[in-house]
Amino acid sequence: MSGTFENPEVVQEEVDILLIGGGMACSGAAYEIMRWADAAKRENGVDLKIKLVDKAAMDRSGAVAQGLSAINTYIGDTQDPADYARMVSNDLMGITRDDLAYDVGRHVDESVHLFEEWGLPIWKTDESGERHDGSVDMPKLKDGGKPVRSGKWQIMINGESYKWIVAEAAKKALGMDRIQERIFIVHLINDKNDKNRIAGAAGFSVRENKIVIYKAKAILLAAGGCVNLFRPRSVGEGQGRAWYPVWNAGSTYSMAAEAGAELTMMENRFVPARFKDGYGPVGAWFLLFKAQAVNANGEVYMARNKEMLNDYPPYGQAAVPASCLRNHLMLHEMKEGRGPIYMDTVTALAKLRETLSPREVKHLEAEAWEDFLDMCVGQCGVWVGENIEPEKKNSELMPTEPYLLGSHSGCCGIWVSGPEDVGAPTTEGKDGVPAHLPSGWNWGYRSMTTVKGLFTAGDGVGASGHKFSSGSHAEGRLCAKSMVKYCVDNKDLKVEFEETPEQIAELIYKPARNYLEFKDYSTAIDVNPNYITPKMLQFRLQKIMDEYVAGVATYYTTNDKMLAVAEEKLGMLKEDAEKMRAKDLHELLRAWENYHRILTAEAHMKHIQFREESRYPGFYYRMDKNFVDEENWKCFVNSIYDKKSKQWTCFKRAHVDLVDKTKLFKAAAH
């Protein structure tokens, strides 16, 4: 083992391009980047040194770690990228970047075709329309094979090994000599001579007593979204269990913010309705099995409460109402006392038996279980433990605690430069944008943030949700090309750290120093007036967010007074976080995850405070501004963070539609 816990080894390395993360976005970048790097060497004589660093291990890293039963973004030959951009916009209540969504839409199918080429089994329909799972040899999608769609954008897969397959291709393309696993990057470093340029990143090994510092011209920051900043519904032995991966700690958002990158739509959050207690997925049940959600009386509440959708024109009039509005109708039933809410699995499976062949029925009943085994094994445990057979007994649904993400049904994240060929604005239509920030939507390289050389993808890209796994992979591939071009264009650039390696090492190891200095003060290791354990600090953060920033405790409601209390308490929590301890490497990991969560939580709170409306009813309600204000707030809410003063600045950016949205909506019912 290198070094000791008291005196860790400090390792420095210089690369041209650093990829941070091991999920779908970085896997896409890792697969794609060498073809462009080889071309740069061949055509320009630029020999790029590239490294991927992952907190975990790529085979089971990221949101797809446990597997998936469907690819949620596949355009196919009956839709086009403009249709996709429209869907993304409507589901996120009208405020998205059409340029980013359109760009994902025109590249995502290529990633899906690659997955199939690498061995991912994809369900197909034969000439007679009968469905077959991926075990049956049928034409590939790129050769005209017809996927089994579980919705307009989703296709069914046998996906328990989905991430393993994608990671294998990434590792083979990049080479294991360029990959370093079990390294947690926690701090970005700006350039000494240009504070708005990235110069490197630093972190530590979660297996060895070692601090690592990388100097880099270009960095892809793609470390996922954020969970466990709100108190989860899971308690006791299930404490900390969440729907989204528990290792997603807001590192993408917090590190980018501290580096000076502009964030966008951090008020947006996702509150998925999932199978209660296990967080099992509902997509296949709604879309493939055609099940409906009902209240305790067996009524389909979407039909019972449909006129409530007219309160939110035009989004309530879409053929498929926004995800938050569907939650809004569910929450109404619960608050009116007509809970619990159930997924009517019994009726759905009975109806399917009327139209499907015996073979298909048998397969679908197996798929009812495999849907969970592919991606949420714990839900099978709930079914078994509660004697639930889905063809005989319905299962409860429950909205979860909030999550922050940019690749699923959420759009918080980082403001990035988009494509130049889709008519995106090049000037800014709102006042108040800080002068040092670029105007318009494409000021540089695709997916580069407002910090030169810092790129992001997947959950990191804000104002562009519904990428899911395939779209995140495609976005990573786009980043790979952009970063190589950036390095070729800046081949003579010499970045310098604004901090010394010694300062960086001390910053990273501060929680360990807190422990080592004060551990002998008391005889009980966890009771000490000089430090706080990461676990206790996380409980405090979750309590603040849950009770004041629209968590489950208040039925997702807040107001300006509650947000002011949260602001004060988060300020004190940031101060106390300086006293976090780390008695070992695992606690050091937990401490840094907490630092990242606190800053992400503060950004979320500040954005809700700044946006004086309830843009996402069903995800959160500002009860003092409980309406959607299209006239004043159909805009992006963006922010920057000053790491020296520790202050946020929020401001508006103008929203522009690049594709026609009118075809989404029908006339209001009243």
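The first residue of the sequence shown is numbered 1, and numbering continues consecutively from there. Every heavy atom of this structure was used, including side-chain atoms; hydrogens, water molecules and symmetry mates were not.
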Legend entry - Test side chain to side chain contact (heavy atoms under 4.5 Å, CB included) applied to Tyr214 and Ile20, step by step: CA-CA 11 Å; Tyr214 299 96; Ile20 301 173; over 6 Å; no
Legend entry - Minimal non-hydrogen separation, Gly260 against Thr450, with atom names: O-OG1, 4.0 Å
Show every donor-acceptor pair shorter than 3.5 Å between a side-chain atom in residues 562-573 and any protein atom, with sequence neighbours excluded, or say none if there are none.
| from | atom 1 | to | atom 2 | distance (Å) |
| --- | --- | --- | --- | --- |
| Glu567 | OE1 | Gln609 | NE2 | 3.4 |
| Glu567 | OE2 | Lys606 | NZ | 2.3 |

Inset, instruction - Would you indicate whether Lys661, at its atom NZ, is surrounded by more than 12 heavy atoms from other residues, nucleotides or ligands within a distance under 6.0 Å? - result: yes
Inset, instruction - Say whether, by atom type as modelled, one donor and one acceptor occur between the side chain of Asn327 and the main chain of Val271 under 3.5 angstrom. - result: yes
Inset, instruction - Return yes if a side-chain donor-acceptor contact under 3.5 Å exists between Glu420 and Asn442, otherwise no. - result: no
Inset, instruction - Without swapping roles, check the side chain of Ser417 against the backbone of Met448 for a donor-acceptor pair under 3.5 Å. - result: no
Legend entry - Geometric cation-pi criterion Arg97 and Trp415, 6.0 Å radius, 45° cone: yes
Legend entry - Single hit among Cys412, Ser251, Cys226 for side chain to side chain contact (heavy atoms under 4.5 Å, CB included) with Thr600: Cys226
Legend entry - Ring centres under 6.0 angstrom apart (Phe270, Trp243): yes
Inset, instruction - Return the set of residues passing side chain to side chain donor-acceptor pair (under 3.5 Å) with Arg622 (not counting sequence neighbours), or none when no residue passes. - result: Asp624
Legend entry - Heavy atoms from other residues, nucleotides or ligands near NZ of Lys561 exceed 12 (cutoff 6.0 Å): no
Legend entry - Which atom of Ala480 lies closest to which atom of Ala29, heavy atoms considered: CB-O, 3.6 Å
Legend entry - Under 3.5 Å side-chain donor-acceptor pair for Asp91 and His466: yes
Legend entry - Residue pair Asn190 / Lys643, side-chain donor-acceptor N/O under 3.5 Å: yes
Legend entry - Donor-acceptor under 3.5 Å (Gln542 side chain, Asn228 main chain): yes
Inset, instruction - Before giving the answer on side chain to side chain contact (heavy atoms under 4.5 Å, CB included), spell out for Trp592 and Phe204 the whole-Å C-alpha distance, their side-chain angles and the decisive distance to 0.1 Å. - result: CA-CA 10 Å; Trp592 272 100; Phe204 59 93; 3.8 Å; yes
Inset, instruction - Specify the closest pair of heavy atoms between His596 and Val186, including all atoms of both residues, with the distance to one decimal. - result: NE2-O, 3.0 Å
Inset, instruction - Return the minimal non-hydrogen interatomic distance between Gln154 and Asn72, and the atom names on each side. - result: CG-OD1, 3.3 Å
Legend entry - CZ on Phe455 to OH on Tyr445, rounded to 0.5 Å: 7.5 Å
Inset, instruction - Please determine which of Tyr312, Tyr315, Tyr556 meets the ring pair (Phe, Tyr, Trp, His ring centres under 6.0 Å) test together with His328. - result: Tyr312
Inset, instruction - Using a 4.5 Å cut-off on heavy atoms from C-beta on, say whether the side chain of Leu658 contacts that of Val656. - result: yes
Inset, instruction - Verify, without hydrogens or angle tests, whether Arg611 (side chain) and Trp633 (backbone) share a donor-acceptor contact under 3.5 angstrom. - result: yes
Inset, instruction - Keeping the roles fixed (side chain from Tyr555, backbone from Val552), state whether a donor-acceptor pair exists under 3.5 Å. - result: no
Legend entry - Asn90 (side chain) donor-acceptor with Val320 (main chain) under 3.5 angstrom: yes
Inset, instruction - Kindly compute the distance separating OG1 (Thr558) from CE (Met623), expressed to the nearest 0.5 Å. - result: 10.5 Å
Legend entry - Residue Lys634 excluded, over 12 heavy atoms near NZ under 6.0 Å: yes
Inset, instruction - Report, as yes or no, whether the 6.0 Å neighbourhood of atom CG on Asp431 holds more than 12 heavy atoms from other residues, nucleotides or ligands. - result: no
Legend entry - Stepwise ring pair (Phe, Tyr, Trp, His ring centres under 6.0 Å) test for Tyr403 and His408: CA-CA 10 Å; Tyr403 308 105; His408 202 278; 9.7 Å; no
Legend entry - Ser439 backbone acceptor or donor facing Glu428 side chain under 3.5 Å: no
Legend entry - SG-CG distance between Cys411 and Asn268, expressed to the nearest 0.5 angstrom: 3.5 Å
Legend entry - Separation between NZ of Lys55 and CG of Asn248, rounded to the nearest 0.5 Å: 7.5 Å
Legend entry - From Phe651 atom CZ to Glu262 atom CD, the distance as rounded to the nearest 0.5 Å: 3.5 Å
Inset, instruction - Could you tell me whether a side-chain N or O of Ser614 sits under 3.5 Å from a main-chain N or O of Lys625, the two making a donor and an acceptor? - result: yes
Inset, instruction - Examine the side chains of Arg653 and Thr264 and answer whether a donor and an acceptor come within less than 3.5 Å of each other. - result: no
Legend entry - Flag for Glu593-Tyr595: side-chain donor and acceptor within less than 3.5 Å: no
Legend entry - NE2-OG distance between His473 and Ser27, expressed to the nearest 0.5 angstrom: 6.0 Å
Legend entry - CA sep, side-chain torsions, deciding dist, call: Leu52, Met58, side chain to side chain contact (heavy atoms under 4.5 Å, CB included): CA-CA 10 Å; Leu52 183 148; Met58 288 184 72; 3.7 Å; yes
Inset, instruction - Tell me yes or no: between the side chains of His604 and Arg269, is some donor less than 3.5 Å from an acceptor? - result: yes
Legend entry - Working for side chain to side chain contact (heavy atoms under 4.5 Å, CB included), residues Leu325 and Met93: CA-CA 9 Å; Leu325 293 178; Met93 297 298 282; 4.2 Å; yes
Inset, instruction - Give a yes or no on whether the backbone of Asn632 and the side-chain of Lys652 come within a donor-acceptor separation of less than 3.5 Å. - result: yes
Legend entry - Set of salt bridge (charged side-chain N to carboxylate O under 4.0 Å, His left out) partners for Asp103, sequence neighbours left out: Arg106, Arg446
Legend entry - Expected output: side-chain Lys467 to main-chain Gly406 donor-acceptor under 3.5 Å: yes
Legend entry - Non-neighbouring partners of Ser447 that pass side chain to side chain donor-acceptor pair (under 3.5 Å), sequence neighbours left out: none
Legend entry - Verdict with supporting geometry, Arg86 and Asp83, salt bridge (charged side-chain N to carboxylate O under 4.0 Å, His left out): CA-CA 5 Å; Arg86 272 185 280 272; Asp83 292 323; 3.0 Å; yes
Inset, instruction - Check whether any side-chain heavy atom of Trp648 sits under 4.5 Å from a side-chain heavy atom of Leu599, and report yes or no. - result: yes
Legend entry - Contacts of Arg615 that satisfy salt bridge (charged side-chain N to carboxylate O under 4.0 Å, His left out) - sequence neighbours left out: Glu613, Glu630
Inset, instruction - Report the residues that fulfil side chain to side chain donor-acceptor pair (under 3.5 Å) with Asp191, sequence neighbours left out, ordered by chain and then residue number. - result: none
Legend entry - Over-ring placement of Lys574 relative to Tyr641, 6.0 Å and 45° cut-offs: no
Inset, instruction - Grab the two heavy atoms, one from Met580 and one from Pro534, that are nearest each other, plus how far apart they are. - result: SD-CA, 3.9 Å
Legend entry - Shortest non-hydrogen contact between Val227 and Val246, atoms and distance: CG2-CA, 3.5 Å
Inset, instruction - Using a 4.5 Å cut-off on heavy atoms from C-beta on, say whether the side chain of Pro272 contacts that of Tyr279. - result: no
